[in-house]
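Structure first, then comments.
Just so you know, these numbers use all the heavy atoms, side chains as well, and skip hydrogens, waters and symmetry mates. Protein chains get the first letters and strands the later ones, always in sequence-line order, with residue 1 at the start of each.
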2 protein chains.
Amino acid sequence: MDETAPQKGTVETAPQKGTVTQRAIEAVKAMIAEGRLEPGQRLPTERDLAARLGISRSSMREAIRALTVLGVLEARHGSGIYVTQLEAGDLLETFGVVADLSRGPRLVELLEVRRILESTATALAAARITPDQLAEVEKHLTAMNATDDPEEILAHDLAFHREIAAAAGNDTMAAILEGLSSRTFRARVWRGYQEEGAFARTRREHAAIHRALVAHDPEAARAAAAAHVGEVEEWLRTQLGG
Amino acid sequence: MDETAPQKGTVETAPQKGTVTQRAIEAVKAMIAEGRLEPGQRLPTERDLAARLGISRSSMREAIRALTVLGVLEARHGSGIYVTQLEAGDLLETFGVVADLSRGPRLVELLEVRRILESTATALAAARITPDQLAEVEKHLTAMNATDDPEEILAHDLAFHREIAAAAGNDTMAAILEGLSSRTFRARVWRGYQEEGAFARTRREHAAIHRALVAHDPEAARAAAAAHVGEVEEWLRTQLGG
DNA sequence: CAGCCGTAGTGGTCTGACCAACCTGGTGAT
DNA sequence: ATCACCAGGTTGGTCAGACCACTACGGCTG
């Protein structure tokens with residue numbers, strides 16, 4: 001009657017594969033993918049889940065933590081664990097990590113991706129932007145040109161592009177661009193770029209983008225945005241390759 | 001000399017902010033971002049790190065697990081914890097999760113992003129592809145047309161596009177596209193799409209892409225790729241909106 | 001009826017133990 | 001001298017149980 005033997009006990013749980021925690025992660029992901037867990041819904045207790053999967057609470061917590069960082073789950077102290085809304089913003093938040101930890105040639109690649117997406121997003125925005133959205137864009141444009149504080153300029157610059165991306169109507173694309181322009185990422189690149197007195201050029205490029213948006217001219221918007229990002233891209237390329 | 005007191009011992013560690021684990025995650029990320037940890041380098045022991053940050057091993061493990069899932073760290077049982085190469089593929093693996101957990105309108109948005117990136121990547125590939133790479137592409141193209149097994153077709157289809165993305169010369173873009181075409185993602189969409197006898201059309205579109213690559217014609221390649229993805233995109237759109 | 005407060009429930013953290021895989025270095029046979 | 005083997009230490013993986021911190025719910029009080 002000694003069931004202490006290293007046998008597989010847990011009913012019909014999947015066979016051993018990788019670490020226990022990994023299995024737990026897959027299990028929860030599967031529950032969500034199969035619709036057994038809806039966005040916003042509350043999960044069972046950590047203790048419950050652990051027992052249900054036949055693992056310890058520690059291991060289950062690691063799985064939950066991982067899914068939390070991925071933006072799939074959200075743990076509220078004292079209340080419970082919930083599935084996020086699984087919107088683009090939730091899941092793509094981790095995209096910023098890529099930008100933060102990339103260096104050298106990879107930064108150029110990221111800027112290339114951003115140029116492609118940003119130019120398309122700006123073109124779409126030119127066609128679809130509403131007066132309200134346009135006003136919001138202009139707000140940041142003027143604010144950006146009215147101050148000398150680099151921090152503030154950067155903030156408004158980010159907001160400027162964010163509003164445009166939002167106006168493009170594709171939340172997923174906007175979320176990706178958000179990650180590609182994460183605060184730390186731009187701060188690192190911008191620092192050097194702006195030190196070369198690129199403020200005037202940046203201002204001119206922003207004006208061109210704005211003009212295209214007002215004119216609802218997608219092609220002009222695409223070109224202006226591509227040139228804008230391309231300038232930084234080229235500068236960075238020379239900084240590296242010599 | 002009794003440092004056993006429950007005091008903040010660790011030199012000048014940041015004050016309390018969020019959960020302990022979260023702080024640990026940030027600490028490791030910072031170490032990497034600041035270059036104190038190089039790609040491929042081995043980290044101190046779990047026990048060491050925990051002691052160094054003044055937290056328990058459990059909490060430190062959660063942090064490590066989270067960074068492992070993000071593709072930043074890699075734990076080798078019995079050996080130690082290492083920083084990954086921090087290449088595009090490592091960090092963007094989590095992108096697949098987004099595709100796996102997205103449904104409804106978000107799937108269309110993802111396909112739209114893919115269309116934008118894939119068309120550009122194919123255009124770049126047309127300009128740069130080498131004979132060797134082209135041969136590889138053709139291998140999968142013919143293999144795809146030579147079988148009836150949907151599983152095999154899907155596998156070669158994925159490889160077909162993967163080779164093209166690789167030929168574009170931007171690893172980051174290739175990694176993102178890889179995530180956007182993850183196995184489970186395409187399986188879900190394809191199932192329905194191909195049931196409508198879209199095989200012939202798909203074959204024709206692949207042929208067009210191949211022709212453009214052979215001719216080193218970027219514009220034709222861009223158009224062909226955009227149309228290819230756009231077809232699926234349109235079909236999915238009608239499936240949802242009615 | 002409104003507001004306070006206590007208590008049960010839940011996530012957050014810690015401790016300490018043991019298991020399993022890896023790696024190093026020594027030992028012995030060839 | 002060389003190489004195969006194996007024994008022990010190091011390190012990640014897992015487990016168990018305890019306590020703390022916060023939330024939410026419901027009864028009690030004014």
Any salt bridge between [X] and [Y], counting N to O under 4.0 Å?
X: B:Glu74; Y: B:Arg76; value: yes
X: A:Glu62; Y: A:Arg65; value: no
X: B:Arg183; Y: B:Glu151; value: yes
X: B:Asp157; Y: B:Arg186; value: yes

Legend entry - Any side-chain donor near an acceptor of the partner, B:Thr19 and B:Gln22, under 3.5 Å: no

Legend entry - Matching residue for A:Val229 among A:Leu111, A:Thr122, A:Leu180 - test: side-chain contact (heavy atoms from CB on, under 4.5 Å): A:Leu111

Legend entry - For B:Glu163, the option from B:Ile129, B:Leu134, B:Val137 that meets side-chain contact (heavy atoms from CB on, under 4.5 Å): B:Val137

Show the distances under 3.5 angstrom between N or O atoms of the protein and N or O atoms of nucleotides 15-17 of chain D.
{"from": "D:dC15", "atom 1": "OP2", "to": "A:Ser56", "atom 2": "N", "distance (Å)": "3.0"}
{"from": "D:dC15", "atom 1": "OP2", "to": "A:Ser56", "atom 2": "OG", "distance (Å)": "3.3"}
{"from": "D:dC15", "atom 1": "OP2", "to": "A:Ser59", "atom 2": "OG", "distance (Å)": "3.0"}

Once you round it to whole Å, what is the distance between [atom2] of [N] and [atom1] of [X]?
X: B:Tyr82; N: C:dC22; atom1: OH; atom2: P; answer: 11 Å
X: B:Ile64; N: D:dG12; atom1: CD1; atom2: P; answer: 7 Å
X: A:Arg23; N: D:dG13; atom1: CZ; atom2: P; answer: 14 Å
X: A:Leu53; N: D:dG13; atom1: CG; atom2: C1'; answer: 17 Å
X: B:Met60; N: C:dT15; atom1: CE; atom2: C1'; answer: 16 Å
X: B:Glu62; N: D:dT14; atom1: CD; atom2: P; answer: 13 Å

Close N or O pairs between protein and nucleotides 3-10 of chain C (under 3.5 Å):
{"from": "C:dG9", "atom 1": "N2", "to": "A:Gly78", "atom 2": "O", "distance (Å)": "3.4"}

Inset, instruction - If the plane angle is over 60° it's perpendicular, under 30° parallel, otherwise tilted; pick one for A:His140 and A:His156. - result: tilted

